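The structure under discussion appears below in the form of structure tokens.
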Amino acid sequence: MSLIVQKYGGTSVGNPERIRRVAERVLATQQAGHQVVVVVSAMSGVTDSLIRLAREVSPEPSEREMDVLLATGEQTTIALLAMALNARGSRAVSLTGAQAGIVTDGTHTKARIANITPTEMRRLLDDGQIVIVAGFQGQTMAGQITTLGRGGSDLTAIAIAAALGAETCQIFTDVEGVYTCDPRIVPSARKLDELSYEEMLEMASSGSKVMQSRSVEFAKKFGVVFEVRSSFNDAPGTRVVEENMSMENVVIRGLSVEKNQAKITIADVPDRPGTAAAVFGALEKSGTVIDVIVQNVSHTNATDISFTLHKDDLDKARAALEPVVKEIGAARLEAKSGIAKLSVVGIGMRSHSGVAAKLFACLGSAGVNIQMISTSEIKIAVIIEEADITRAANVAHEAFGLANGALLAN
Ligand code: ADP
Ligand code: ASP
Ligand code: MG
């Protein structure tokens with residue numbers, strides 16, 4: 001008998017009616033002859049409102065207590081889904097992350113899965129039961145509750161699929177699959193039938209939050225084939241698979257948009273060894289996550305260093321850098337929010353040139369100013385004003401012909 005892991009995100013379990021509909025879909029999967037493990041998220045909005053509650057009682061809640069709090073969101077949904085299934089006469093059991101045997105490291109709020117002991121899940125499945133697991137959470141060896149970072153239920157599902165050797169992992173969400181760009185930003189975006197792990201990973205880590213990027217990394221590492229599809233209809237979704245030969249013929253697979261970014265520039269940094277180390281060392285100590293970094297060639301023995309970060313980290317970064325700016329003898333620090341990043345992604349870029357020129361030309365004609373550029377083997381990203389991002393994404397989507405079938409190499 002084959003085993004399927006299904007994951008339902010927050011919107012898909014957002015109210016009692018939707019939970020009942022998920023129960024029907026799960027039951028139909030079992031009745032089609034499969035063993036089923038279901039991973040669920042907290043009902044939509046619940047994790048955000050728990051975070052707000054925490055901030056109302058404490059300006060800086062401890063990460064341990066945040067995990068104890070946030071894990072309750074998923075715990076509500078597993079019990080409700082099990083009740084809905086049992087009310088239909090099926091046998092379903094809910095398990096917390098710890099009960100499912102998910103062991104993590106101790107990095108509260110961003111824990112990594114260390115291993116999964118699936119003994120209890122297997123016992124229940126072999127007994128003919130439907131197993132419902134709380135996404136996004138685990139437990140340390142010492143018994144502390146942990147969570148896996150925002151969007152972490154995707155990781156729970158992929159990791160369970162790997163641990164149980166599932167035939168497939170289905171990620172049910174509120175769109176029909178992975179699109180050429182977030183359809184909320186580019187209305188003409190097209191659903192992709194298939195893309196490679198690498199492309200999905202690059203898209204996810206540059207802002208396409210349809211999948212949590214660490215879950216894609218995990219799937220790639222352990223060869224877990226997964227499909228992203230809609231929980232509201234039966235349309236076939238997007239399969240994320242190992243790269244194949246024909247994939248390189250498509251130059252650009254999709255675009256990603258990342259909003260809520262900020263930029264810091266340290267002006268007139270003396271051009272000598274150790275200054276970049278001092279700047280980024282201080283940022284690392286403060287726990288600031290840096291994205292794109294640009295340092296110019298110096299003509300006057302001084303240079304500017306600019307980098308981007310999430311806007312929520314701006315104050316923390318500024319506080320960490322002010323003493324460093326003085327120490328290294330730089331002129332000043334300029335900080336600015338209202339920045340966004342647009343990335344174009346495709347493994348075809350490895351073998352086709354001209355992508356950068358085409359991207360810059362279409363943004364230029366649309367009057368979008370590029371502030372920074374960063375590239376990887378399969379991605380070109382530009383930093384622009386956040387006010388321009390929707391227009392930029394739409395013109396780039398059009399320029400690369402993504403709405404009418406992906407741009408094929410000549
Ligand atoms: P869930 O709660 O099911 O985990 P998410 O909100 O995490 O759902 O992910 C689904 C959302 O991801 C969609 O509603 C869509 O707005 C957004 N998204 C961003 N980029 C893409 C993309 N390239 N393709 C599809 N959806 C995308
Ligand atoms: N509930 C968590 C979040 O909102 C995990 C998830 O939905 O995947 O981030
Ligand atoms: Mg999600």
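Only heavy atoms go into these numbers, but all of them, side chains included; no hydrogens, no water, no symmetry mates. Numbering of ligands and ligand atoms starts at 1, following listing order. Not measured: the values here are computed from a predicted model.
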Looking only at non-hydrogen atoms, which of [options] approaches [atom] most closely?
atom	options	answer
atom 15 (C) of ligand 1	Asp182, Ile171, Leu255	Asp182
atom 5 (P) of ligand 1	Met211, Lys209, Gln212, Arg253	Lys209
atom 11 (C) of ligand 1	Val228, Asp174, Val186	Asp174

Just by distance, with hydrogens left out, do [X] and [Y] show a side-chain donor and acceptor under 3.5 Å apart?
X	Y	value
Gln261	Thr308	no
Glu385	Gln371	yes
Thr288	Ser286	yes
Gln30	Ser90	no

### Query
Do ligand 1 and Met203 have nitrogen or oxygen atoms that lie under 3.5 Å from each other?
no
### Message
Please check whether Asp154 reaches ligand 1 - meaning an N/O of the residue sits under 3.5 Å from an N/O of the ligand, judged on distance alone.
### Response
no
Report, in ascending order of atom number, the atoms of ligand 2 lying under 4.0 Å from any heavy atom of [X].
X	value
Glu74	1 (N), 2 (C), 5 (C)
Gly151	3 (C), 5 (C), 6 (C), 8 (O), 9 (O)
Ser41	6 (C), 7 (O), 8 (O)

Taking only heavy atoms of [X] into account, list the atoms of ligand 1 that are under 4.0 Å away from them.
X	result
Thr173	1 (P), 3 (O), 8 (O), 9 (O), 10 (C)
Gly10	2 (O)
Gly177	24 (N), 25 (C)
Val178	24 (N)

### Message
Main chain of Val36, side chain of His34: is a donor-acceptor contact present, judged purely on distance under 3.5 Å?
### Response
no
### Message
I'd like to know if the side chain of Thr265 reaches the main chain of Ala267, judged simply by a donor and an acceptor atom lying under 3.5 Å from each other, with no hydrogens or angles considered.
### Response
no
May I ask you to identify the nearest protein heavy atom to [atom], giving residue, atom name and distance to one decimal place in Å?
atom	result
atom 22 (C) of ligand 1	Tyr179 N, 3.8 Å
atom 27 (C) of ligand 1	Val210 CB, 3.6 Å
atom 9 (O) of ligand 2	Arg150 NE, 2.7 Å
atom 16 (O) of ligand 1	Arg184 NE, 2.6 Å

Tell me, please: is [X] in heavy-atom contact with ligand 1, that is, under 4.0 Å?
X	answer
Cys181	yes
Lys7	yes
Ser231	no

## Note on the structure
In short, ring-ring contact (aromatic ring centres under 6.0 Å, His included) pairs touching residues 153-212 with sequence neighbours left out are Tyr8-Phe172
### Task
Take every heavy atom of Gly9, measure it against each atom of ligand 2, and state whether any distance is under 4.0 Å.
no
### Residue from Ile158, Ile4, Val39, Leu164 passing side chain to side chain contact (heavy atoms under 4.5 Å, CB included) with Cys169
Ile158
Taking atom [atom1] of [X] as the centre, does the number of heavy atoms from other residues, nucleotides or ligands within less than 6.0 Å exceed 12?
X	atom1	result
Lys316	NZ	yes
Arg350	CZ	yes
Arg25	CZ	yes

Using a 3.5 Å cut-off and no angle test, enumerate the donor-acceptor pairs between side-chain atoms of residues 147-154 and protein atoms at least two apart in sequence or in another chain.
{"residue": "Thr147", "atom": "OG1", "partner": "Asp67", "partner atom": "OD1", "Å": "2.6"}
{"residue": "Arg150", "atom": "NH1", "partner": "Asp48", "partner atom": "OD1", "Å": "3.1"}
{"residue": "Arg150", "atom": "NH2", "partner": "Asp48", "partner atom": "OD1", "Å": "3.1"}
{"residue": "Ser153", "atom": "OG", "partner": "Ser41", "partner atom": "OG", "Å": "3.2"}
{"residue": "Asp154", "atom": "OD1", "partner": "Lys7", "partner atom": "NZ", "Å": "2.8"}
{"residue": "Asp154", "atom": "OD2", "partner": "Gln212", "partner atom": "N", "Å": "2.9"}

### Query
Counting only heavy atoms, which portion of Val175 has something under 4.0 Å from ligand 1: side chain, backbone, both, or neither?
side chain
### Query
Less than 4.0 Å between a side-chain N and a carboxylate O, is that true for Arg21 and Glu17?
yes
### Query
When only distance counts, is Gly149 in polar contact with ligand 2, meaning an N/O pair under 3.5 Å?
no
